[in-house]
Amino acid sequence: MVVLRAGLCPGLTEDMIQLLRANGIRTVVDFVSSDLEDVAQKCSLSYKALVAVRRVLLAQFSAFPANGADLYEELKSSTAILPTGSPSLDQLLDSGLYTGEVTELMGAPGSGKTQVCLGIAASVSLGLKQHVLFLDSTGGFTASRLYEMLRAQTEDEEEQARQVLGRLRLCFVLQLEALQRIQVVRVFNIYELLRALQELRDRLSQQVVSSVGPLKMVLLDSVSAVIYPLLGGRQSEGLALMMQLSRELKTLAREFSLAVVVTNQVTRDSSTGPLKPALGRAWSFVPSTRVLLESKEATWEKATTQRAASLVKSPRQPTGIQVELDLG
Amino acid sequence: MQREVGTLPLAPALRARLAAAGFQTAQELLDTGPCGLSKEIGISREEALEALQVVRQECHGDAARTAGGSGATRKCTALELLEEEQTQGFIITFCSALDNILGGGVQLTKITEICGAPGVGKTQLCMQLAVDVQIPECFGGVAGEAVFIDTEGSFMVDRVVDIAAACVQHCHLIAEAQQEEDLRKALETFSLENILSHIYYFRCRDYTELLAQVYLLPEFLSEHSMVRLVVIDGIAFPFRHDFEDLSLRTRLLNGLAQQLIIIANDHKSAVVLTNQMTTRIGQSQSTLVPALGESWGHAATVRLILHWDNSQRLATLYKSPSQKESTIAYHITSHGFRDVQPPAVTHSTEGTELNPRKRPRTEEGKQ
């Protein structure tokens, strides 16, 4: 639905646009779908000029089909699989988080979604030395917990060489560097979130290396906290904004080969119904993989760090697989 | 600068008209100008000017930020956040076991929710925190002021006087024991009148008043920049009755949660909410769960559930981003919230056996 404007392509002058508009042709779609001979007669414009303009507009605005083999080659070279830092979760996700896709973690409050996100950020930043963008919309990001996890991970790796004093300092430097590679943006409403994603897109497309570096992962904790205040009642703009957001996330993931992880809440139909993911059917088509986190105990009276993760939706694995996670 | 029109914070009717007219990016809007815009979509010039103002703010805000300007985005690396967190204080509760499981006390910039059955001590804890936030920094406090929003009418000033007096007494004892000059100087300003004058009390009778109060809070907090604690005692009460449309309730509660986390973050203060408990009837048994539904559970960053075990009061840390789940026991004495004394010390256990659900009214010996 792009409006015809002068300078959109060579050959499209202001006078032409005025004449076309007088005959009811305002947008590119109107132009391309109309009968050019008819238009040439009514607007007294040259047929050749109109055909040339149409060719340029089609080249600019239409999507071209791609060959399956080419697509496969492109995906093979650009997709990476990022390990999450927890071997059982990697097993559930078919060896890790795939770039170019949106993965969703859902669970009840206290089920460990933020902890798993922190673990993923720590593992990607420390293990793979890639930059991570953490969009926090709940205020649950605690840097001291992240630091604890990084310490636990570096200590695992440097177990053998503990005697050499220099190694301890190296651990510390590695942890500091890992912390510097994780950028945290606090977004508390949908417009701030969209603005942050737009900034990310601008930075990535201009390839400013200084602040972002080789960014491979975007974590959004949580998407329901920004969308929930817009849904419900009798207004439908909430759904429109939710779809805008999903489009942004998916195109970012695909165009820049990022792995996008979002966390979501669960809700019930009535007070006794089963748990289902929040944000409804419209959102359920957005992530390609969905993992449900649950606590092993049914009530909050028995405290435990064990969680069960089950695969609810996946393009690669059979659903219903369950693994156990220890949040540590 | 290629912001989609759908992502800009404009009114939905205006957005619909822009989409129908074929505008896709913010750049196109800015290029058209107010006259062209008002002609094309049929709105008045003033409305077009206003809309373009909003668009310009969003887009130039973006540009300023990418060029390194400060702006209002809350962006930083994890390392900077770690340094900030390590220098941030906690609001202690005077019950060392509770402080331990919370990781030092109630954290600033986070929402803490306290759920519990009636009579277990939620309002007591809130009043204790409203006093404790004012402890001077040399004693390990945050030296801030408190805002107390009361929806249930359970705030008792005489009780706050008792708690404050005990707190001042405690600090005097420390100052005498340590004999340092700055401690004594700080105590000059830490008196009963001072403590009471720095607790700002608001009474809200229904949910509209509560929502209005929370919307007006940022202005109040920018005038009173020393506030470090916002307590809303009884967030469940106004929302639990007279709501035919439950989806409206969820929407309002989530909007409220969003407002509160923005307040907590921007003003570096702790937000404490108290919630009631409700029964969930399962297939075989019924359990006691926090009220206001599943989606409310995600609003709070830290969730503390207070409950009974025969006659002992227990506190369970149910949800926390940095601490493990655990349960401890606590006591409510005439001085306020305290640890459970070991049974060898006799004078503190006498009063509690009379009526375990209320704080002992008999005068206890000096501790």
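In the text below, chain A, chain B and the rest are named by the order of the sequence lines, each starting its count at 1.
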One option among Q86(B), E80(B), R15(B), Q258(B) has the most heavy-atom pairs under 4.5 Å with chain A, and it is Q258(B)
Check: Does any non-hydrogen side-chain atom of F134(A) lie less than 4.5 Å from one of V185(A)?
Finding: no
Rounding to 0.5 Å, atoms CE (M106(A)) and OG (S111(A)) come to a distance of 10.5 Å
Under 4.5 Å to a heavy atom of chain B? For F141(A) that would be both
From the list V262(A), V226(A), L197(A), V223(A), side-chain contact (heavy atoms from CB on, under 4.5 Å) with L135(A) holds only for L197(A)
* Can you tell me if CD on Q88(B) sees more than 12 non-hydrogen neighbours from other groups inside 6.0 Å? -> yes
Honestly, the part of L146(A) sitting under 4.5 Å from a heavy atom of chain B is side chain
Whatever's closer than 4.5 Å to a heavy atom in chain B on I182(A) counts as both
Closest non-hydrogen atoms of I111(B) and I261(B), given as atom of the first, atom of the second and distance, are CD1-N, 3.8 Å
- [ ] Report yes or no: do S320(B) and R303(B) form a side-chain donor-acceptor pair below 3.5 Å?
- [x] no
The interface call for L8(B) against chain A, heavy-atom contacts under 4.5 Å, is backbone
Honestly, the part of A225(A) sitting under 4.5 Å from a heavy atom of chain B is backbone
Closest heavy-atom pair, Q276(B) versus A236(B), reported as atoms and distance to 0.1 Å, is N-CB, 3.9 Å
Note: vs chain A, highest number of non-hydrogen pairs under 4.5 angstrom among Q107(B), E85(B), K319(B) is E85(B)
If one checks every heavy atom of Y191(A) against chain B at 4.5 Å, the contacting part turns out to be both
So, the part of Q244(A) with a heavy atom under 4.5 Å from chain B: the answer is side chain
Turns out that what part of T301(B) lies under 4.5 Å from chain A's heavy atoms comes down to side chain
